[in-house]
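Chain A is the first sequence line, chain B the second, and so forth, proteins listed ahead of strands; every chain is numbered from 1.
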Amino acid sequence: MELLKDLFKDCKSYADKDVVLSGWLRNNRAQKEFGFIDLSDGTTFKTVQVVYDCNLANFTEIQHIRCGASICVKGKFVLTPDAKQPFEIHAEEVVLLGDSGEDYPIQPKRHTREFLRELPHLRVRTNLFNAVFRIRSEAAFAIHTFFHEKGFTYVHTPIITSNDGEGAGQLFSVTTASKNPQTDFFGKNVFLTVTGQLHVEPYAMAFRNVYTFGPAFRAENSNTQKHASEFWMIEPEMAFADLNDEMNMVEELVKYIIGYVLKNCPNEMAFFDSFVEKGLIDRLNAVLNSKSFVRITHHDAIDLLKNSGVKFENTPKYGEDLATEHEKYLTSHFNGPVFVYNWPKDIKAFYMRLNDDGETVAASDLLVPESGELVGGSQREERLDVLLNRMNELHMKKETLDWYVDTRRYGGCVHSGFGLGFERLIMFLTGVDNIRDVESYPRTPNNCDF
RNA sequence: GCUAAAUAGCUCAGUUGGUUAGAGCACCUGACUGUUAAUCAGGGGGUCGUAGGUUCGAGUCCUACUUUGGGCGCCA
């Protein structure tokens with residue numbers, strides 16, 4: 001049995017050969033004495049046209065095979081240089097393997113994403129979602145390849161944790177429904193992780209360069225296009241690396257992934273470019289070929305916003321976070337990704353390294369068009385006394401993080417890391433503007449079906 | 001919390017409240033010798049989101065609720 005991806009890869013060598021294909025019917029255009037089937041076999045984004053005629057014994061049956069049905073086709077591979085498609089299959093035998101009912105909801109027409117969200121198990125059979133999830137898979141592979149080539153060690157940090165996620169958002173409790181934490185499964189309150197960072201930092205003190213790539217969970221009641229309750233993050237951590245090294249690594253990684261999907265998924269990317277976001281490929285190429293991403297301090301970014309002449313709903317302030325409208329202004333002003341670094345310490349996490357001014361920390365956010373904050377990173381506070389002071393200021397329960405502080409007690413060093421939101425990356429790469437459409441079965445507040 | 005919407009399986013019309021609820025696609029039947037979101041003719045398919053209310057009369061107006069989209073904050 002042949003695979004469609006191989007037929008497309010080397011058309012000429014299959015000319016006039018007999019082939020066997022199996023897959024799912026996308027469209028069936030039956031006429032009086034012949035008909036055409038669009039067949040997807042899952043191995044490539046493209047479909048193949050199968051031509052069948054009334055010489056086949058089950059011609060009438062074939063005419064009535066509906067969308068979604070699985071079939072097996074034996075036939076001859078024929079090059080068609082004058083047609084829309086490079087080749088087609090002239091069927092000698094078409095066997096219905098799995099029938100599809102009259103009520104199959106996916107039609108050969110445009111569907112709204114809202115409707116398809118109700119059918120996450122069927123929407124992957126559409127062009128859009130087939131392309132999205134192939135990009136998702138390829139981008140994940142690109143990330144592992146990138147880090148592997150650089151000698152990073154891939155660390156699997158725990159999903160269940162007793163660390164109550166200092167400052168990184170609301171947590172989901174994990175429980176066997178015991179009323180008393182002491183008699184519950186772990187004998188204490190435990191949660192789904194909101195980040196792998198605290199757990200991976202100690203690994204950087206042993207392997208030097210490490211990364212995690214796994215799910216994170218946040219019980220925030222956020223209902224936006226770029227927030228989900230369950231999402232995946234890539235969190236590298238590098239010993240003997242400062243904030244500049246961190247930003248360099250982010251930039252190199254983002255460019256590598258863009259280059260990888262443009263090279264390896266041309267069909268999917270062309271589809272997004274024509275049907276999802278016109279100019280997507282140009283936009284990504286501009287990022288890929290840019291000499292360096294813009295780097296601007298938080299202070300200078302606020303100045304820029306203040307002097308922009310734009311009347312923002314939220315007034316930009318030196319000590320405060322950037323609003324979404326500010327992020328959008330910055331990415332469109334610089335027409336591409338922007339690093340904002342040296343953030344006010346009071347709006348950032350306790351582990352970020354205090355700068356000499358005593359006011360800011362060595363943190364950087366990468367803002368991109370489409371996804372907003374794609375990456376959040378920082379140089380970590382490696383000085384034991386400064387870190388403990390900061391934890392005191394924030395009234396943190398030091399006992400539960402004593403193990404983490406050990407990394408500063410025993411051979412601590414300058415180190416940095418970041419978290420890259422995988423779904424936001426996919427949105428950035430595809431132009432799909434809702435996080436619910438780049439996760440297989442998205443979980444958001446009030447929505448955990450399937 | 002703000003805002004918009006909910007009519008056939010899907011996408012949508014439906015006039016200042018007025019007879020029997022409309023189209024395209026999908027499905028079924030038929031026509032068609034190269035279609036490619038095929039085309040053409042015909043057919044079946046509706047508790048107009050739910051519950052109240054106003055009215056002689058409600059898909060249409062009012063109230064509440066549910067669900068969905070968009071926006072804001074949180075962040076990745």
- [ ] Send over the distance from A:Asn446 CG to B:U66 P, rounded to a whole Å.
- [x]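 One finds 10 Å between P of B:U66 and CG of A:Asn446, rounded.
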Task: For atom CG of A:Asn314 and atom P of B:C74, their distance in whole Å - done: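 For the pair A:Asn314 CG and B:C74 P, the rounded distance is 9 Å.
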Among [options], the one nearest [X] by side-chain distance:
{"X": "A:Arg218", "options": "B:C25, B:U11, B:C75", "result": "B:C75"}
{"X": "A:Glu114", "options": "B:G69, B:A76, B:G34", "result": "B:G69"}
{"X": "A:Pro108", "options": "B:A26, B:C28, B:C75", "result": "B:A26"}
{"X": "A:Gln49", "options": "B:U11, B:U35, B:A76", "result": "B:U35"}
{"X": "A:Thr224", "options": "B:C28, B:G73, B:U35", "result": "B:G73"}

Open item on the list: With a 3.5 Å cut-off and heavy atoms only, can you find an N or O donor on one side and an acceptor on the other between the side chain of A:Glu33 and the base of B:G34?
Closed with: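 Looking at the base of B:G34, it does not pair with any donor or acceptor on the side chain of A:Glu33 (distance under 3.5 Å).
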Task: Donor-acceptor pair present, A:Ser222 side chain and B:C74 base, under 3.5 Å - done: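 Pair found.
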Task: Non-hydrogen side-chain atoms of A:Leu284 and A:Phe428 separated by less than 4.5 Å - done: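 Result yes, sub-4.5 Å side-chain heavy-atom pair found.
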Task: Pairwise side-chain contact, A:Lys306 with A:Tyr318, heavy-atom cut-off 4.5 Å (strictly under) - done: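 Yes, side chains in contact.
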Task: A:Tyr203, OH atom: more than 12 neighbouring heavy atoms under 6.0 Å - done: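 No, because the 6.0 Å sphere around OH of A:Tyr203 holds 12 heavy atoms or fewer from other groups.
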What distance, rounded to whole Å, do you find between the two [atom1] atoms, one in [N] and one in [M]?
{"N": "B:A41", "M": "B:G46", "atom1": "P", "value": "24 Å"}
{"N": "B:U11", "M": "B:G69", "atom1": "C1'", "value": "15 Å"}
{"N": "B:A5", "M": "B:C65", "atom1": "C1'", "value": "16 Å"}
{"N": "B:G59", "M": "B:U7", "atom1": "P", "value": "15 Å"}
{"N": "B:A37", "M": "B:C25", "atom1": "C1'", "value": "9 Å"}
{"N": "B:G42", "M": "B:G22", "atom1": "P", "value": "16 Å"}

Is [X] near enough to [N] that one of its side-chain N or O atoms lies under 4.0 angstrom from OP1 or OP2?
{"X": "A:His64", "N": "B:C28", "result": "no"}
{"X": "A:Lys109", "N": "B:C25", "result": "no"}
{"X": "A:Asn434", "N": "B:G70", "result": "yes"}
{"X": "A:Arg117", "N": "B:G69", "result": "yes"}
{"X": "A:Arg66", "N": "B:C28", "result": "yes"}

Which part of the nucleic acid, if any, lies within reach of [X] when heavy atoms closer than 4.0 Å are counted: base, sugar-phosphate only, or nothing?
{"X": "A:Phe36", "value": "base"}
{"X": "A:Glu235", "value": "nothing"}
{"X": "A:Gln85", "value": "base"}

- [ ] Check for a donor-acceptor pair, side chain of A:Lys255 on one end and backbone N or O of A:Ser290 on the other, with a separation under 3.5 Å.
- [x]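 Yes; at least one donor-acceptor contact below 3.5 Å.
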- [ ] Write out the stems for RNA chain B, ordered by first number and formatted as range with range, counting runs of at least 3 consecutive Watson-Crick or G-U wobble pairs under 3.5 Å.
- [x]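 B:2-6 with B:66-70, B:9-12 with B:22-25, B:27-31 with B:39-43, B:49-53 with B:61-65 - these are the stems of 3 or more pairs that involve RNA chain B.
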Open item on the list: Under the side-chain hydrogen bond (donor to acceptor under 3.5 Å, both in side chains) definition, can you give me all pairs with a residue in residues 425-442 of chain A, not counting sequence neighbours?
Closed with: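 Listed once each, the pairs are A:Arg117-A:Asp437, A:Arg123-A:Asp437, A:Asn223-A:Arg436, A:Asn434-A:Arg436.
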Open item on the list: Centroid separation under 6.0 Å, is that true for the rings of A:Tyr211 and A:His144?
Closed with: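 Yes; A:Tyr211 has its ring centre under 6.0 Å from that of A:His144.
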TODO: Would you confirm whether the ring centroid of A:Phe422 sits within less than 6.0 angstrom of the ring centroid of A:Phe213?
DONE: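 Yes, close enough.
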TODO: Say whether A:His90 and A:Glu88, considering side chains only, have a donor N or O and an acceptor N or O under 3.5 Å apart.
DONE: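 Short answer, yes.
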